[in-house]
Enquirer: 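I'd like to ask you about the structure that follows.
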Amino acid sequence: MRILIVAGVFLIPLMGQSLRELADQRGIKLGAAVDPSHFAEAAYAEALAREFNQVEPENAMKFGPIHPGQSTYNFTSADAIVAFAQAHGMSARGHTLVWYNQLPGWLTSGGHTPAQLSSILQEHISTVVGRYAGRVYAWDVVNEAFNGDGTLRSYFWYNSPGIGLPGTGYIEQAFRWAHAADPKALLFYNDFSAETINQKSDAIYRMAQDFKARGVPLDGIGMQMHFTTSTGSLGSMEANIKRITDLGLQVQITELDVRLPVNSSGVATSAALATEAQIYHDIVAMCLKYARCTAVQTWGFTDKYSWIPGTYPGFGAALPLDSSYQPKPAYNSIQNALQTGRPVASAEGLVNAASYRGGAIAPGELVLLFGATYGPATLQFSQLNSSGAVPAEWAQTRLLFDGVPAPLLYSRVGQVAAVVPFSIAGKTATQIEYEYQGLRSEPMTVNVTTAVPGVFSFDSSGQGPGAILDASYRLVSRDHPAHRGDSISLFITGGGVTSPDSPDGQISTTGSFPALAVLPRVSIGGVDCSVQYAGGASGLVTGVAQVNVLIAAGVPSGEQPVSVSVGDAASQPALTVWLE
Ligand code: G3I
């Protein structure tokens, strides 16, 4: 039971998990725009760090506040926000580098030429993004550059006087400068009233298509979502999110709030609060349906501090927590959406745990499923059950193949490891469902084949030197190469069924180990080598096979490619072994 503490007074019990805990299980960023001048207010800092896993400066990183003089930067507030994030294990998102608003006087009244403005903007972006490289994971590089009819906004950075580039050229340039300053940062184009499919979102979509096609470093589109009680069609919004994520781009909801009519004390009616709650629920639920919708951020988080009343007199109560930091219906509905949304998982995320190759699967294959959007916030390694087998459910997670739960080695939101049940043998395809806390993903259809061998590599990249042992169980490497005539052991998964049949998830310790039904062929450096054994071994889960190979006399020296074939299926290329 979590207790909400305001001003040191135990006020009300907060039911269930915090929004942050739930968001962490979704692998999604749940953020809030913040003003560091409130950090000293305990209730503000506590609620922020308890309920959110991301912060973004409401104003501190904008051009004017952070660059008040031509050669003067003021990083105090921005630094305080990044420090708060680091102190509370939160992510920091930057806002914004190129915008028509909050530009300093020295810039707007400086009479600079486009060429001068170009170098000023480059220097600004390099300085600000460079300063927070590795600490700010994403940026709104350009904000609000389009008009409602889809034309480009005429303003300082575009054409008044602009930096001398036509069309979306100045936007592209800003992205290239930001990418150069921090190649790891995710770069977003951010705008309002472009949530549904309309002329403005069409123009943004066309720009995104063009940027993607020409390799401009755009990673996603930010949708502000400043709503009243009529948001516009959710279906159209979802179609917009779908078309953008289908481009391989992320969507982040960046400035969500729902302004309500309020009385003179800033209080909204319970009917309006209920409508607001439904909107928050629907937006979060919609985002959870798309693995590439990676953040939901509110513009502020308590009605105590919000831009709405000052900008829209008679409106307010727009955020999940009220002005006493108490959860509103909107808070509960966000919680509910995070608790009830079905996980999203896709067959593209399913790969052989050794080769990291996707596609068809084989019975007994150890696979990794990447990208499932709901799961334990931290990595949960499974423990063997009473019969010494890997359990078919762990940490409330299951991966089902035609309804059969697979032995699960570990589980975390975004990555699970499982052994494909041998029961799929002989099928041509299987329906896979990912399940967490009883919520199941849509079924994924994946083809089934007899074998898809993958050889475990030393650095678990699937490439380079294999995890190969010599006869004395020493790792073969450049410094400890193997020799012609040596017997070496490599480890594969995806070798197919065994003979006799293997029970799912069994960890072999003693006695006889089931051999692979089809003996693999191994070539090293293009030379066939004789396979002495292929099957289970002590400590290996069924599905992972040890393959003992005698290195043929003709195998050349140096780092040699190793290929393991089972029937017509061959292992991943670029897996090697060192020979002297
Ligand atoms: O910092 C000065 C202070 O020194 C001065 O005494 C005071 C009085 O004028 O103004 C303070 O600056 C204000 C600033 O907020 C910081 O509080 C600006 O006047 C005021 O215009 C500015 O408002 C911000 C607004 O952007 C600027 O357009 C809002 O707080 C902020 O919520 C809002 O955020 C924008 C996003 O960046 C982009 N999308 C829309 C969103 C809402 O407009």
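Ligands are counted one by one from 1 in listed order, and the atoms in each one are counted from 1 as well.
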Enquirer: Considering only heavy atoms from C-beta outward, does the side chain of Glu172 approach that of Arg214 to under 4.5 Å?
Expert: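 Sidechains of Arg214 and Glu172: in contact.
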Enquirer: Leu19 and side-chain contact (heavy atoms from CB on, under 4.5 Å): which partner among Val296, Val284, Leu30?
Expert: Leu30
Enquirer: Ligand 1: which residues have a non-hydrogen atom closer than 4.0 Å?
Expert: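 Residue list for ligand 1: Glu58, Asn59, Lys62, His95, Trp99, Asn101, Gln102, Asn143, Glu144, Gln224, His226, Glu255, Trp299, Trp307.
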Enquirer: Using 30° and 60° as the class boundaries, would you call the ring planes of His67 and His124 parallel, tilted or perpendicular?
Expert: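 Rings of His67 and His124: parallel, as their planes differ by under 30°.
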Enquirer: Within 45° of the ring axis of Tyr374 and under 6.0 Å from its six-membered ring centre, is that where the NZ or CZ of Arg26 lies?
Expert: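 Output yes; distance and angle both within limits.
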Enquirer: Is it the case that the side chains of Gln54 and Lys29 hold a donor-acceptor pair, with the cut-off being a distance below 3.5 Å and no angle test?
Expert: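 Not at all, the side chains of Lys29 and Gln54 share no donor-acceptor pair under 3.5 Å.
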Enquirer: Is the shortest side-chain heavy-atom distance between Thr127 and Phe75 below 4.5 Å?
Expert: yes
